[in-house]
Every structure is written in structure tokens, then in C-alpha cells.
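For reference, the structure discussed in these notes is given below.
These numbers come from the heavy atoms of this one structure, side chains and all, not from hydrogens, waters or symmetry mates. Not measured: the values here are computed from a predicted model. Counting convention: from 1, in listed order, for ligands and their atoms alike.
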Amino acid sequence: MSNIIVLGAQWGDEGKGKMVDLFSEKFDIVTRYQGGHNAGHTVYIGAQKYVLKLIPSGILRPGVQAVIANGVVIDPGALLTEIGTLEKAGLPVVEQLKISDRAHVIFPFHRIVEKMSEGRKDRTAIGTTSRGIGPCYEDKIGRRGIRIADLCDREIFRSLFSVLADDKKTIAEAFGIPWDLDVDALRDEYEAFAERIRPMVCDTSLLLAKAMRGGQRVLFEGAQGTMLDIDHGTYPFVTSSSAAAGGACTGAGVPPTRINGVIGISKAYITRVGGGPFPTEDHTAVGEQIRKAGKEFGAVTGRPRRCGWFDGPLLQYTAAVNGFDSLVITKLDVLDELDEIPVCVAYKLDGKVIEGMPATNDMMERIEPVYETLPGWRTPTSGATKLEDLPAAARRYLDFLAEQTGVEVGCVSVGPERNETMIIPGSKLEKLLG
Ligand code: GDP
Ligand code: IMO
Ligand code: MG
């Protein structure tokens, strides 16, 4: 009865949504454990495209329970919009979705104070999604946040809300940020949101514990990626939550002893949205070619994603942090047209090969990647249904990625659709899926 974590091995947008949707066929419950509507998980089912932000991708499978756990930060307006979109597509969301009473609530004033740190002239902007994610987590850790359970209790909500809104107004005034909120109207709006989400709210940690005791299988869906994790990512150019595997336990309230496997999702190359160091970024026309072929534009903000080459040391690092049992390599097809493909096999700093991932932004910026260049295959791969269908050079490329990362490649994705996926027979991943 395997419970698994599926998460991003790079800087996000690795194709988690597609893979979670595919894998969720084998699970009873899919749980999101961190992040908020900064995530954009794209799933294609035939011609129908879904972009899931807060709701776990498992929602698209009839009968699969979707859980938004305590580690997630929820903008109730965004959540209700997302529910509405899925209901319009015919999905019985309210029946399938459960929301943690301990998840924290995002308010519009979180977005206002986000402008304070992002807009300061003497600080480099992170390039956030401007969804109020960071400031909401700040309030959580600062022990002044408002949780879903508080939102659902009118008396508690009113007292917490007025103090929190007052704090934020003070900050806005101190930093000269325009404050155009009608606080009373906002309170009324959130009280109305509470009534609409109340039927889905419960103690999701208890729900998961009971389900697992009863033999149900749970898939934990990460948002963002390990290099955006607050502790293990390229700080400060990270998001404000624990995207790495450890975050699944605290973020969903499940014991580590209940987790049977960790699957890392990685592109066959690498991308990043927003600011921050990116050792293997390609600034040439080839990077542009990958952006075009891979349609590398943010699912949430529409920003062009920065593109670069597969980074072996980075994957070794995220494999170590997460303990990947298996890797899924997505978007192999995006490389189909290239004559040759560089792969970073080591980092040099001040002329010397280094071990591990430097901690400071300054050192990260000074990394010189050491590349090995592999031949391309110049053949379409999207029609492949088994590994043997792939050109020899593509198979060699995948073997090389496994050698460089020290983790098996258990699955290869060659297109956005469910059926454009190969699960490798005999792999650990196949066994974990059961
Ligand atoms: P997520 O945030 O990790 O779920 O990833 P996103 O949905 O933000 O970005 C991944 C994009 O790549 C989406 O548009 C997917 O439809 C698409 N995608 C996923 N796997 C593949 C693949 O193997 N090949 C191609 N060409 N596109 C893919
Ligand atoms: P999914 O789940 C890619 C990035 C932002 C910014 C940094 C901090 O779709 O992979 P935030 O708004 O979270 O405070 O922004 O993190 N970022 C993502 N990049 N994919 C995501 O999610 C991201 N969520 C946040 O661009 O650099
Ligand atoms: Mg995304």
C-alpha cells in the first residue's frame, strides 16, 4: 500500500500536474501540502486543458479525493474561482475536495505588503507571482495569521481580522504603498467566502490518517520545486514554503513512516521563472528555440521562462535532499530538433571543481558549469510508447541523465497528453505505482 510524494526536482514547472494526473489513477487521495495559487499545474485530457492552481491535480479523476492540506496558503476568492471553472467543466468539486481547517488564509493586504519588499530600490526583487504568498507565510510563522478554522468562526475571525488588517495598513503607510482597501467590505466578503467553503472544511490530517489506516493510498503533490524551497533552494530567490519532500509530512500532518516513496519530476533540460541564479541558463538563440518548442511561458503569470541545460550537480543535490527513488524526465520531445545537447556534469568555482551546492547567491552567480555534449537525435519522439521506440541517441541521453544524477529514470514524458508517457517496466517507479 504505497503512499508517495511527487515533487519538482528543479525550479518548478517540471510537469508535475501532468504526472500527478496520470499517477492518480492508482491512488484514492491526492493531497497538496504547500504553496498556494502561485502554482500552475497544467493537465491535458484530450483537447481539454486544465490549469490547476490550488486544487490537487487528482480532482480530474472521478472518485479520487482531493485534499488541500494544512501547509497550503489559501486565497478563498481564487479557490472559489477555480472551483467554479472546474464545475463548469462538469466536475463535482465540492463532493471531491476537502480543505484543511489549519491552512492559512491570504488576504488582499498580503499582496499590498508584498509590493513593499519587491519594490524597494535597495533590494533585488525576487520576481514573485504577486499572489501574497510570502507575506501570508510570514504571518503564519509570526503567529498572527488567520487560519481556515478562524475564518469559519465569525467571532474569532472578526477580532483577528481587524488587528491583522490594521498591522498591514500601518506597514503600507510607513512604506508609502497606496492602500485602496475598504476593510469592512473586505471582512464581509471573506465572511461570505467562509459560508461557501465551510462544507469542505475538516481536519485533513485526521482524514488522511483514517484513510491510510483503512488501506487507502495517498499521493502527495508538491508545488514549485526543490530549488524554490525556503530552506534548500537558491535563497532568497525562493518561494516561502517547504516544497521538498520533508514538507509533505509537516504540510499534510502525516508521519514520515507512512511515506513509501519519493518521485522527482525533472525536465530533460531546465527552466526558471523570476529572478535568481541559474548556472546553466542559455542566453543564445538555442535557449530561445527551447522556449518556443517547449512553450515555456508561465502558467500563472504568462512570463517567459528562462531556459537552460540539464544540470547534473543540481539534480544530485535535489536527489540528496529528497531521497528520490525514481525520476520522471519530461519534455524530452522539446529537444528533438537539436544537433547536440550539452549537459552540465560539474560546477567550478574560482577555477576548481566543487562538491555540493553553494549556499550564497554570490557563489551561485559565479559558478562555471562544466559541460559534456551529447549528440541529438533529430527525430520526433512524441509517438513513442516504449523506450525501444526512442532513437538510440535519445536513450543514450536518458542513460546519461541517470548516470549523472545517480537515480533511475523510471518514466519518460514525450508530450503533454496522458498517453505520451512511458513508465519503464521493472523500474522502482512502476513498483511504487503498484
Ligand atoms: P507543473 O507546474 O510542474 O505542473 O508544470 P506546468 O504545467 O507549469 O508546465 C509544464 C508544461 O509542459 C505544461 O504546459 C504541460 O502541458 C507541458 N508538458 C508536460 N509534459 C510534457 C512533455 O513531455 N512534452 C511537452 N512538449 N510538454 C509537456
Ligand atoms: P509550479 O507549482 C515556477 C517562483 C516565482 C518567483 C519565486 C517566488 O507551477 O511549479 P512566490 O510568488 O512564490 O513568492 O514567488 O518562486 N514560483 C514558481 N516558479 N513554478 C511555480 O509553481 C512557482 N511558484 C512560484 O516565479 O521566482
Ligand atoms: Mg507550473
Side-chain angles (χ1 to χ4, degrees), residues 6-22 32-45 49-54 56-57 72-73 75 106 110-111 114 117-118 124-138 221-230 233-241 243 264-278 290-306 328-336 380-382 384 411-422:
V6 176
L7 70 114
Q10 300 170 316
W11 276 293
D13 302 325
E14 298 92 347
K16 298 176 291 293
K18 170 188 162 162
M19 300 317 305
V20 169
D21 164 64
L22 189 78
R32 261 286 292 279
Y33 58 86
Q34 45 71 234
H37 64 313
N38 48 350
H41 297 179
T42 316
V43 180
Y44 280 91
I45 303 176
K49 177 184 177 183
Y50 300 90
V51 180
L52 297 150
K53 292 173 182 162
L54 270 162
S57 307
V72 176
V73 286
D75 179 326
I106 300 180
H110 286 128
R111 289 197 292 277
E114 190 164 2
S117 43
E118 283 292 277
T124 314
I126 307 298
T128 68
T129 59
S130 312
R131 297 293 187 272
I133 306 292
C136 181
Y137 277 116
E138 285 173 36
E221 176 179 4
Q224 290 80 53
T226 309
M227 295 309 289
L228 289 170
D229 180 280
I230 186 73
T234 42
Y235 191 91
F237 297 94
V238 292
T239 192
S240 299
S241 65
I265 314 290
S266 167
K267 285 178 188 171
Y269 47 99
I270 190 165
T271 62
R272 156 159 227 177
V273 202
F278 185 169
I290 292 177
R291 184 174 305 120
K292 221 170 138 201
K295 300 194 177 75
E296 295 294 359
F297 295 89
V300 172
T301 57
R303 290 177 290 176
R305 294 175 182 149
R306 300 156 65 192
V328 176
I329 299 295
T330 62
K331 306 192 91 161
L332 185 72
D333 55 297
V334 173
L335 305 180
D336 284 352
T381 53
S382 280
C411 179
V412 183
S413 171
V414 289
E417 300 242 12
R418 281 175 174 170
N419 61 1
E420 293 173 308
T421 320
M422 291 165 268

* Asked: Can you tell if the side chain of F297 reaches within under 4.5 Å of the side chain of R291, non-hydrogen atoms only?
  -> yes

* Looking only at protein heavy atoms, which one is nearest to atom 25 (C) of ligand 2, and how far off is it? -> Q224 CG, 3.7 Å

* Going by atom types alone, do S57 and D21 pair a side-chain donor with an acceptor below 3.5 Å? -> no

* Asked: To which of A299, S57, G40, A39 does the heavy atom nearest atom 6 (P) of ligand 1 belong?
  -> G40

* Asked: Which atoms of ligand 1 are found less than 4.0 Å from any heavy atom of H41?
  -> 1 (P), 2 (O), 4 (O), 7 (O)

* To do: Would you mind checking which non-hydrogen protein atom is closest to atom 19 (C) of ligand 1, with the distance to 0.1 Å?
  => K18 CD, 4.1 Å

* To do: For a side chain to side chain contact (heavy atoms under 4.5 Å, CB included) with T129, tell me which candidate from T301, T239, V273 qualifies.
  => T301

* Relative to ligand 2, is R272 under 4.0 angstrom through side chain, backbone, both or neither, heavy atoms considered? -> neither

* Numbering the atoms of ligand 2 from 1, which are under 4.0 Å from a heavy atom of W11? -> 3 (C), 19 (N)

* **Lys/Arg-Asp/Glu bridge criterion (N-O < 4.0 Å) met for D13, R305** => yes

* Just need the protein heavy atom nearest to atom 13 (O) of ligand 2, so name the residue and atom and give the distance. => T239 OG1, 2.6 Å

* A223 heavy atoms, cut-off 4.0 Å: which ligand 2 atoms fall inside? -> 2 (O)

* Identify the protein heavy atom lying closest to atom 3 (C) of ligand 2, giving its residue, its atom name and the separation to 0.1 Å. => D13 OD2, 3.2 Å

* **Donor-acceptor contact below 3.5 Å, side chain E417 vs main chain I45** => no

* Say whether R305 and ligand 1 are in contact under the criterion: heavy-atom distance to a ligand atom below 4.0 Å. => yes

* Does any N, O or S atom in A299 come within less than 2.8 Å of the Mg ion (ligand 3)? -> no

* Asked: W11 versus T271: any side-chain heavy-atom pair under 4.5 Å?
  -> no

* To do: Using a 4.0 Å heavy-atom threshold (strictly under), name the region of R131 that reaches ligand 2: side chain, backbone, both or neither.
  => neither

* Structure fact -> ligand 1 to Y44, heavy atom cutoff 4.0 Å, flagged ligand atoms 16 (O)

* To do: Taking the side chain as every heavy atom from C-beta outward, state whether E296 and Y269 have any atom pair closer than 4.5 Å.
  => yes

* In terms of atom number and element, which parts of ligand 2 are under 4.0 angstrom from non-hydrogen atoms of R303? -> 5 (C), 26 (O)

* Asked: atom 6 (C) of ligand 2: which protein heavy atom is closest, and how many Å away?
  -> G127 O, 3.2 Å

* Structure fact -> ligand 2 to A39, heavy atom cutoff 4.0 Å, flagged ligand atoms 1 (P), 2 (O), 9 (O), 22 (O)

* Minimum-distance protein heavy atom relative to atom 10 (C) of ligand 1 -> D13 O, 3.7 Å

* Structure fact -> atom 24 (N) of ligand 1 has as its nearest protein heavy atom D333 OD1, 2.8 Å

* Within-4.5 Å side-chain heavy-atom neighbours: S241 and Q224 -> yes

* Considering only N, O or S atoms of D13, the one closest to the Mg ion (ligand 3) -> OD1

* To do: Just go through Q34, Q10, H41 and tell me whose heavy atom is the nearest to atom 2 (O) of ligand 2.
  => H41

* Are any of the N/O atoms in E14 less than 3.5 Å from those in ligand 2? -> no

* Asked: Can you find a non-hydrogen atom of A299 under 4.0 Å from ligand 2?
  -> no

* Quick one: nearest non-hydrogen protein atom to atom 15 (C) of ligand 1, plus distance? -> T42 CB, 4.1 Å

* Indicate, as side chain, backbone, both or neither, the part of K16 found under 4.0 angstrom from ligand 2 when only non-hydrogen atoms are considered. => side chain

* To do: Taking the side chain as every heavy atom from C-beta outward, state whether R131 and V300 have any atom pair closer than 4.5 Å.
  => yes

* To do: Indicate yes or no: at least one non-hydrogen side-chain atom of P56 is less than 4.5 angstrom from one of V20.
  => no

* Asked: Considering only protein heavy atoms, which is closest to atom 12 (O) of ligand 1, and at what distance to one decimal place?
  -> K331 NZ, 2.9 Å

* Enumerate the atoms of ligand 2 whose separation from the nearest heavy atom of G274 is less than 4.0 angstrom. => 27 (O)

* What atoms of ligand 2 come within less than 4.0 Å of a heavy atom belonging to T129? -> 11 (P), 12 (O), 15 (O)

* **For atom 17 (N) of ligand 2, closest protein heavy-atom neighbour** => L228 CD1, 3.8 Å

* **Contact partition for E417 relative to ligand 1, non-hydrogen atoms under 4.0 Å** => neither

* Can you pull out the closest protein heavy atom to atom 4 (O) of ligand 1? Residue, atom name and distance to 0.1 Å, please. => G17 N, 2.8 Å

* Below 3.5 angstrom, do we get any N/O pair linking N38 and ligand 2? -> yes

* Asked: If you count the atoms of ligand 1 from 1 in the order shown, which ones are under 4.0 Å from a heavy atom of V414?
  -> 23 (O), 24 (N)

* Asked: Does any non-hydrogen side-chain atom of I270 lie less than 4.5 Å from one of F278?
  -> yes

* Enumerated ligand 1 atoms positioned under 4.0 Å from heavy atoms of G415 -> 20 (N), 21 (C), 22 (C), 23 (O), 24 (N), 25 (C)

* Among K331, K267, K18, find the one that has a side-chain hydrogen bond (donor to acceptor under 3.5 Å, both in side chains) with S413. => K18

* Structure fact -> S413 heavy atoms within 4.0 Å reach ligand 1 at atoms 20 (N), 21 (C), 22 (C), 23 (O)

* To do: Take D75 and H110 through the test side chain to side chain contact (heavy atoms under 4.5 Å, CB included) and record every step on the way to the result.
  => CA-CA 10 Å; D75 179 326; H110 286 128; over 6 Å; no

* Structure fact -> atom 27 (O) of ligand 2 sits nearest the protein heavy atom V273 O, 3.1 Å

* Asked: Would you say T330 has any N or O atom under 3.5 Å from an N or O of ligand 1, going by distance alone?
  -> no

* Numbering as shown, the atoms of ligand 1 that approach G15 to under 4.0 Å (heavy-atom distance) -> 1 (P), 3 (O), 4 (O), 5 (O)

* Structure fact -> When distances are taken from atom 15 (O) of ligand 2, the protein heavy atom at minimum range is T128 CA, 3.4 Å

* Top protein contact for atom 7 (C) of ligand 2, by heavy-atom distance -> V238 O, 3.9 Å

* **Heavy-atom side-chain contact between Q10 and M227 under 4.5 Å** => no

